[in-house]
Amino acid sequence: EKAFICQVPLHLNPDEIPPPPPKAYACESAEWQVHKNKCYRSFPNYIMNQTDAIKFCTKVNAQLPDILNQDEQEYIQYIIKNDAWMDLIAVSAWEWLNNGVPLRKGDYQNWLGGFAPPPNEDLLCAFIVASNISSDDFGKWSAVDCYKERSVLCKKEATPLFLLTT
């Protein structure tokens, strides 16, 4: 084995060196499932409108999921059992509710039929399709009036675990 000597520039205090990035993440309890740096929990027996689902997730220090890539989409499809609300809403355009960022053409999307339904005079909310659907369409996104009821899926930051190696 070779020995290594770490050299710290004189102008940098060793106490100010940031820790290495975490190698693993964990959720606060076994009911939550960790995927990458997020925790997810499906509540298939909690059926409510989107506003109440937002409040429900907030009570558990979480939010409805924004789905930003195929990997996250596939993971969510693995854990849901019923149609579940997403954090996506259409007023004059589709946007992520938690941060107000519009859903743009180049962003990851997985709409049933291939395209987002156009916003109309009714408030539309997106959900992940998991019930009464063909296997090819399972996990696709669809939209309904926000007062309709769907199950709850919450997402929050996972706790980083700093693994020490020798």
Side-chain angles (χ1 to χ4, degrees), residues 18 21-22 24-29 31-161:
Y25 293 87
C27 298
E28 62 194 33
S29 69
E31 290 89 17
W32 290 85
Q33 299 174 25
V34 68
H35 178 68
K36 306 237 170 155
N37 63 341
K38 305 292 184 205
C39 293
Y40 299 85
R41 185 168 177 192
S42 177
F43 297 89
N45 298 323
Y46 289 78
I47 310 297
M48 57 191 71
N49 65 44
Q50 196 205 41
T51 300
D52 289 342
I54 291 167
K55 291 176 187 174
F56 182 89
C57 287
T58 301
K59 286 181 183 177
V60 295
N61 299 314
Q63 64 186 45
L64 294 177
D66 50 355
I67 302 174
L68 305 177
N69 57 57
Q70 180 68 34
D71 178 66
E72 185 173 22
Q73 174 74 42
E74 290 172 2
Y75 181 75
I76 287 173
Q77 285 176 216
Y78 173 73
I79 65 171
I80 64 171
K81 296 181 179 31
N82 302 23
D83 294 349
W85 289 118
M86 295 172 54
D87 179 50
L88 193 58
I89 190 168
V91 181
S92 59
W94 285 99
E95 66 181 46
W96 295 109
L97 194 57
N98 283 313
N99 59 20
V101 173
L103 187 64
R104 293 179 291 266
K105 189 174 183 177
D107 292 345
Y108 176 78
Q109 299 181 42
N110 193 33
W111 292 101
L112 187 63
F115 301 97
N120 58 33
E121 65 277 356
D122 295 323
L123 189 61
L124 291 176
C125 293
F127 68 96
I128 307 154
V129 178
S131 305
N132 303 316
I133 197 82
S134 72
S135 60
D136 290 341
D137 292 331
F138 183 87
K140 298 284 186 186
W141 304 354
S142 191
V144 294
D145 291 331
C146 298
Y147 66 84
K148 300 279 187 181
E149 295 186 335
R150 299 291 182 267
S151 71
V152 180
L153 173 66
C154 299
K155 171 183 174 179
K156 63 178 157 181
E157 294 293 323
T159 303
L161 301 175

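Because the structure is a prediction, the values reported are computed rather than measured. Heavy-atom basis, side chains included; hydrogens, waters and symmetry copies ignored.
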What's the spacing between [X] [atom1] and [Y] [atom2] if we round to 0.5 Å?
| X | Y | atom1 | atom2 | result |
| --- | --- | --- | --- | --- |
| E157 | E28 | CD | CD | 12.5 Å |
| S42 | N82 | OG | CG | 7.0 Å |
| K156 | C39 | NZ | SG | 7.0 Å |
| T51 | L97 | OG1 | CG | 8.5 Å |
| Q50 | L124 | CD | CG | 10.5 Å |
| I79 | Y40 | CD1 | OH | 7.5 Å |

For a quick test of reading the model, state the closest non-hydrogen atom pair linking [X] to [Y] and the distance between them.
| X | Y | value |
| --- | --- | --- |
| D137 | I133 | CB-CG1, 3.3 Å |
| P117 | W94 | O-NE1, 2.7 Å |
| V152 | C57 | CG1-SG, 3.7 Å |
| S92 | P119 | O-CG, 3.6 Å |
| P65 | W96 | O-CZ3, 4.2 Å |

Donor-acceptor pair, [X] side chain versus [Y] backbone, under 3.5 Å?
| X | Y | answer |
| --- | --- | --- |
| Q109 | L68 | no |
| W85 | I128 | no |
| N110 | G139 | yes |

Q: Using side-chain hydrogen bond (donor to acceptor under 3.5 Å, both in side chains) as the criterion, list what pairs up with S135, not counting sequence neighbours.
A: none
(Q) Going by side-chain hydrogen bond (donor to acceptor under 3.5 Å, both in side chains), name the residues that satisfy it together with Y75, two or more places apart in sequence or in a different chain. (A)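 In terms of side-chain hydrogen bond (donor to acceptor under 3.5 Å, both in side chains), with neighbours along the sequence ignored, Y75 is linked to Q33.
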Would a 4.5 Å heavy-atom cut-off, applied to side chains only, mark [X] and [Y] as touching?
| X | Y | answer |
| --- | --- | --- |
| I80 | P44 | no |
| L64 | L153 | no |
| F127 | S151 | no |

Q | Non-neighbouring partners of K140 that pass salt bridge (Lys or Arg N to Asp or Glu O under 4.0 Å), sequence neighbours left out | A |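 Expected list: none.
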Donor-acceptor pairs under 3.5 Å, side chain of residues 141-149 to any protein atom, not counting sequence neighbours: which ones?
unit_1	atom_1	unit_2	atom_2	d
W141	NE1	Q73	OE1	2.8
D145	OD2	Y147	OH	3.3

Q: Assess whether atom CZ of F138 is packed by more than 12 heavy atoms of other residues, nucleotides or ligands within 6.0 Å.
A: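 Enclosed: over 12 neighbouring heavy atoms sit under 6.0 Å from CZ of F138.
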(Q) Can you classify the ring geometry of F56 versus F43 as parallel (below 30°), tilted (30 to 60°) or perpendicular (above 60°)? (A) perpendicular
Q | salt bridge (Lys or Arg N to Asp or Glu O under 4.0 Å) pairs, two or more places apart, involving residues 82-109 | A | D83-R150
Q. Can you pull the salt bridge (Lys or Arg N to Asp or Glu O under 4.0 Å) pairs that have at least one residue in residues 57-77, sequence neighbours excluded?
A.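 Non-adjacent pairs meeting salt bridge (Lys or Arg N to Asp or Glu O under 4.0 Å): K36-D71, D66-K155, E72-K155.
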